[in-house]
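To start, the structure under review is shown below, and the notes come after it.
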Amino acid sequence: LFAAALPVAVGVMAILGSLAVLRVTTFFTDVSIFALNLTTAMGLALAIDYTLLMISRYREELAGGSSREEALTATMVSAGRTALFSATTVALAMAVMVLFPMHFLRSFAYAGVATVAFAAFAAIVITPAAIMVLGDRLDALDVRKLIRRVLRRPEPLPRPIERQFWYRSTRFVMKRALPIGLAGVALLLVLGAPFL
């Protein structure tokens, strides 16, 4: 339950921070009411995504025998960098909407960039701090353990990373990068054709 509550808490921080930025923005320009919806949905989604990625990576490192400090360092090098890259990509995509002359699209740009920035900040700064403060309590109140105890099922054995779905699917895509990339571009062109 602690591990499940952490992404929600990070999401709430991202939403509150971006709402504060939108409030300040209203002193300088018009902001559409729909920007609030975008802030709430996007802030919660990104914060949960980034935080769960980091918690999952941290647990993988611990399962591999690393100490807490080593696990967190490896998590920040891999998952932290991924979250930062993802946030930069999303923020740049949202920032482009500021070029449109319609004020509600500009509002989406303001809200989107602020939300992504706060979600990335919270995931990269607050999540590792919370992981270190929680320590072993991060896995406290595990509902799955209680259910296994009630049903008298054994603890699941950790599977090697080579047998996990995401590892195998990533390897599949990496081996066929060019055909899959071309198929993705073709699909986007087909989907975008009606806008011509």
Could you check whether any side-chain N or O of [X] sits under 3.5 Å from a backbone N or O of [Y], counting only pairs where one atom can act as donor and the other as acceptor?
{"X": "T89", "Y": "F85", "answer": "yes"}
{"X": "S56", "Y": "L52", "answer": "no"}
{"X": "Y50", "Y": "V10", "answer": "no"}
{"X": "T51", "Y": "I48", "answer": "no"}

Are [X] and [Y] side-chain neighbours, meaning at least one heavy-atom pair lies under 4.5 Å?
{"X": "T115", "Y": "M94", "result": "no"}
{"X": "R106", "Y": "T29", "result": "no"}
{"X": "Y110", "Y": "L22", "result": "yes"}
{"X": "Y58", "Y": "R68", "result": "yes"}

Shortest non-hydrogen contact from [X] toward [Y]:
{"X": "A123", "Y": "M54", "value": "O-SD, 3.1 Å"}
{"X": "A119", "Y": "A47", "value": "CB-N, 4.1 Å"}
{"X": "M76", "Y": "P128", "value": "SD-CG, 3.4 Å"}
{"X": "A87", "Y": "V116", "value": "O-CG1, 3.0 Å"}
{"X": "A71", "Y": "S66", "value": "N-CB, 3.9 Å"}

Once rounded to the nearest 0.5 Å, what's the spacing between atom [atom1] of [X] and atom [atom2] of [Y]?
{"X": "L38", "Y": "S107", "atom1": "CG", "atom2": "OG", "result": "10.0 Å"}
{"X": "R57", "Y": "L72", "atom1": "CZ", "atom2": "CG", "result": "11.5 Å"}
{"X": "T39", "Y": "F108", "atom1": "OG1", "atom2": "CZ", "result": "9.5 Å"}
{"X": "I15", "Y": "M13", "atom1": "CD1", "atom2": "CE", "result": "11.5 Å"}
{"X": "R163", "Y": "R168", "atom1": "CZ", "atom2": "CZ", "result": "8.0 Å"}
{"X": "T40", "Y": "L19", "atom1": "OG1", "atom2": "CG", "result": "6.0 Å"}

Taking [atom1] in [X] as the centre, count heavy atoms belonging to other residues, nucleotides or ligands within less than 6.0 Å. Is the count above 12?
{"X": "I33", "atom1": "CD1", "result": "no"}
{"X": "R171", "atom1": "CZ", "result": "no"}
{"X": "R81", "atom1": "CZ", "result": "no"}
{"X": "M102", "atom1": "CE", "result": "yes"}

Hey, quick one: are [X] and [Y] part of the same hydrophobic cluster, counting side-chain heavy atoms closer than 4.5 Å, chains of contacts allowed?
{"X": "L105", "Y": "V98", "result": "yes"}
{"X": "V77", "Y": "I131", "result": "no"}
{"X": "V90", "Y": "L53", "result": "no"}
{"X": "I124", "Y": "L44", "result": "no"}
{"X": "L92", "Y": "M42", "result": "no"}

